[in-house]
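Only one structure is covered here, and it is reproduced in the block below.
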Amino acid sequence: MAAAASSTSLKASPSPTIASWMRQRSLSTTFGVTAISFRRVEPRGRHFVVLSMDAKPTILVAEKLGEAGVKLLKDFANVDCSYNLSPEELCTKISLCDALIVRSGTKVSREVFESSGGRLKVVGRAGVGIDNVDLAAATEHGCLVVNAPTANTVAAAEHGIALLTAMARNIAQADASVKAGKWERSKYVGVSLVGKTLAVMGFGKVGTEVARRAKGLGMHVIAHDPYAPADRARAIGVELVSFDEAISSADFISLHMPLTPSTSKILNDENFAKMKKGVRIINVARGGVIDEEALVKALESGIVAQAALDVFTVEPPPKDSKLVQHVNVTATPHLGASTMEAQEGVAIEIAEAVVGALKGELAATAVNAPMVPSEVLTELKPFVSLAEKLGRLAVQLVAGGSGVKSVKVTYASARAPDDLDTRLLRAMITKGLIEPISSVFVNLVNADFTAKQRGLRITEERIVLDGSPESPLEFIQVQIANVESKFASAISDSGEIKVEGRVKDGIPHLTKVGSFEVDVSLEGSIILCRQVDQPGMIGKVGSILGEENVNVSFMSVGRIAPRKQAVMAIGVDEEPSKQSLKRIGEISSVEEFVYLNL
Ligand SMILES: NC(=O)c1ccc[n+]([C@@H]2O[C@H](COP(=O)([O-])OP(=O)(O)OC[C@H]3O[C@@H](n4cnc5c(N)ncnc54)[C@H](O)[C@@H]3O)[C@@H](O)[C@H]2O)c1
Ligand SMILES: O=C(O)[C@H](O)COP(=O)(O)O
């Protein structure tokens, strides 16, 4: 995903000075293995994040966005506000952009992602519905999609109620008639709302607000939503019913579900036939949830007395659309979200989400990546870094030609299994496993997709520990099965490459390699040596590295017993030359060694 003005990075902060060294000696005798470690405290300030920028990013705003949002964007990035672009113009421009912000009027197709050449990192949908964004293509290209799901809820609900009341009292038609110089009082007799049954189809944010308001108008409100909790409906005096019951008992039907393959044309010939004669339909969701030809027929047959529509399958609809021109149809041009207040709110909501994502923060409104609450993120932050580094280490231990197919990740935690969201950790382990051996850019968005595409099977297992669940995790273990290792000591007793890590004082540490316990902070790079334990080894290796000014950040020796085989882990800030590595390999007691880039 590298591009002219940007690149992804998960790099450590700059090398610390010698003054930031701190020596710490720790001994642990678990399983009869002793680990001795020297640790340095480093300045933090690292991004643990998925997307981050090196240069000022460019954001293309392709549809009108509230001023406050544009200002937020301009404080952070170069902002190109270009409206009404043709699909071709959008594809041309996109290769120069790191983020794109749209409303419902721009199709963000697969071609857009392909044309971006990997530079596009975030698509921000300034609103709720993301049916105009090709989510599968976004995910495959590792592009995060965020939306602004809350700021226009009330506006959409108010528009729904406005359409409901305007339709019931023929407001639009009567207004046009008066303006035409007529005074047709008997023609525009309406219907009352009080006591009538309203079926809210889709009891999400907008549906709930519509239901609340309709109850205030004295309507009997029922709702259908296969995924909504019944207690939330009961709390506002709404009964959740089946689809058939909702549509067959309603005097008014208001649509509030997203457009998905399963809701597409959900109101069709078959379902119109189940409705009460004279039913009235309101749609502020998406045009595509109604089969528009079927609606025209239902209007003509009188099954549907009236329809009030804010949205259409094709927007704008053709001028000669039978539906729009129908005398019993009230139409508005997708105005649900168009209040001053909602547009400012949406603009701020989307600007913050896009800027946050470009800065590398995880977006709370991500559509194609796990949404992780911020308090959980704060807790998981060091483990996210640990996860990626363990993946990186493990894959670099695989001997060439082995082919990594099966990886097992074990999370040891005192938390209850449903109290630990591992999606983020799994994604970062995947990133660590795949990036060192390919040119693919992996992030939280495309991790599972990329793993699947490469035939990499990642299984997860939990070890539930006793004790206080203060920390979300005790350790993470990554095991790669059915491979040879270029560092034989990394193979565990059960035959897999195994690395294990923990977070200590907020810093990720490698704590096990194969069956050897070590303790080395996962910063810079690491040299692993297997040797016969004897005095002076640390000094010998340290002086070879010192000769070419390679800074050692950490050293740790894990041994089975004194003077027996040991694994020494050495953290280095700079990459040693081939010559130095060769000299380390030539130390007589060194049996094998490997240099691993973090
Ligand atoms: N006209 C406008 O300007 C405007 C403004 C805002 C929202 N919208 C549209 O309104 C719709 C709802 O928005 P929201 O913010 O309430 O979204 P939401 O996600 O909060 O609610 C959608 C609800 O639909 C439910 N649902 C999904 N499939 C369903 C099905 N087959 N049958 C019944 N319910 C189903 C979901 O469970 C969810 O509760 C979206 O399509 C959105 O794009 C339009
Ligand atoms: O899904 C939405 O948020 C609404 O349909 C609003 O769309 P708009 O941003 O194009 O007004």
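Atoms within each ligand, like the ligands themselves, are counted from 1 in listed order. We number each residue from 1, following the sequence as shown.
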Using side-chain contact (heavy atoms from CB on, under 4.5 Å) as the criterion, point out the one residue from I101, V61, L100, V123 that pairs with V354.
I101
To check your reading of the model: name the closest protein heavy atom to atom 44 (C) of ligand 1, its residue, and the distance in Å.
V284 O, 2.9 Å
Please confirm whether T153 comes under 4.0 Å of ligand 1, counting heavy atoms of the residue only.
no
Taking N or O atoms only and a 3.5 Å limit, does E63 qualify as a polar contact for ligand 2?
no
If you have a sec, work out which protein heavy atom is nearest atom 39 (O) of ligand 1 and how many Å separate them, to one decimal?
D225 OD2, 2.6 Å
Under 3.5 Å between any N/O of P226 and any N/O of ligand 1: does that happen in this structure?
no
Using modelled atom types only, decide if a donor and an acceptor are shared between the side chain of N368 and the backbone of V445 within a distance under 3.5 Å.
no
Does the residue A285 have a heavy-atom contact with ligand 1, meaning some pair of atoms that are separated by less than 4.0 Å?
yes
Would you confirm whether D134, through its side chain, and A137, through its main-chain N or O, come within 3.5 Å as a donor-acceptor pair?
yes
Measure the distance from atom 3 (O) of ligand 2 to every protein heavy atom, then report the residue, atom name and distance (to 0.1 Å) of the closest one.
V128 N, 2.5 Å
Sidechain-backbone polar pair: N446 side chain, N443 backbone, donor-acceptor under 3.5 Å:
yes
Would you mind reporting whether L120 and D98 have side-chain heavy atoms less than 4.5 Å apart?
no
Which of these passes side-chain hydrogen bond (donor to acceptor under 3.5 Å, both in side chains) with S177: E184, R185, K187?
E184
Starting from atom 12 (C) of ligand 1, locate the nearest protein heavy atom and write down its residue, its atom name and how far away it is, to 0.1 Å.
H256 O, 3.3 Å
Can you name the atoms of ligand 2, numbered from 1 with element, that are less than 4.0 Å from a heavy atom of A126?
9 (O)
Check whether any N or O atom of D310, backbone or side chain, sits under 3.5 Å from an N or O atom of ligand 1, and answer yes or no.
yes
Within the 4.0 Å heavy-atom cut-off, what F203 brings close to ligand 1 is backbone
Atom 24 (O) of ligand 1: which protein heavy atom is closest, and how many Å away?
P258 CD, 3.3 Å
Suppose we measure from atom 2 (C) of ligand 2 to each protein heavy atom; which comes out shortest, and what is that distance?
R125 NH2, 3.1 Å
Between L90 and T106, does a side chain to side chain contact (heavy atoms under 4.5 Å, CB included) hold up when you go through it step by step?
CA-CA 9 Å; L90 177 60; T106 305; 3.7 Å; yes
Would you check the N or O atoms of I266, main chain and side chain alike, for any that come under 3.5 Å of an N or O of ligand 1?
no
Examine N152 against ligand 2 and note whether any of their N/O atoms are separated by less than 3.5 Å.
yes
How many angstroms lie between CD in Q325 and CG in D320, if you round to the nearest 0.5 Å?
8.0 Å
Out of M257, R125, H334, K205, who gets a non-hydrogen atom closest to atom 41 (O) of ligand 1?
M257
For atom 31 (N) of ligand 1, find the nearest protein heavy atom and state the residue, atom name and distance (0.1 Å precision).
T263 CG2, 3.4 Å
Which heavy atom of E245 sits nearest a heavy atom of I222, and at what distance?
O-CD1, 4.4 Å
Indicate yes or no: at least one non-hydrogen side-chain atom of L60 is less than 4.5 angstrom from one of S82.
yes
Are the side chain of T263 and the backbone N or O of P258 linked by a donor-acceptor pair below 3.5 Å?
yes
Give the atom numbers and elements of ligand 2 that come within less than 4.0 Å of a heavy atom of A337.
6 (C), 11 (O)
Taking the minimum heavy-atom distance to atom 4 (C) of ligand 2, which of E315, R103, H334 ranks first?
H334
Just need the protein heavy atom nearest to atom 7 (C) of ligand 1, so name the residue and atom and give the distance.
V128 CG2, 3.9 Å
Flag the pair T197 / M219 as yes when at least one side-chain heavy-atom distance between them is below 4.5 Å, and no otherwise.
no
Residue from E293, E292, K265 passing side-chain hydrogen bond (donor to acceptor under 3.5 Å, both in side chains) with T313:
E292
Of all the non-hydrogen atoms in the protein, which one sits nearest to atom 21 (O) of ligand 1, and at what distance?
G204 CA, 3.3 Å
Closest to atom 10 (O) of ligand 2 among protein heavy atoms sits S104 OG, 2.4 Å
Start with the C-alpha gap between D225 and M257, add the side-chain angles, then the distance that decides, and say whether side chain to side chain contact (heavy atoms under 4.5 Å, CB included) holds.
CA-CA 8 Å; D225 187 326; M257 67 262 278; over 6 Å; no
What atoms in ligand 2 come closer than 4.0 Å to a heavy atom of G127?
3 (O)
Hey, which atoms in ligand 2 end up nearer than 4.0 Å to a heavy atom of G129?
1 (O), 2 (C), 3 (O)
Within the structure, does V206 bring an N/O atom to less than 3.5 angstrom of an N/O atom in ligand 1?
yes
for atom 34 (N) of ligand 1, nearest protein heavy atom and its distance come out as G202 CA, 3.4 Å
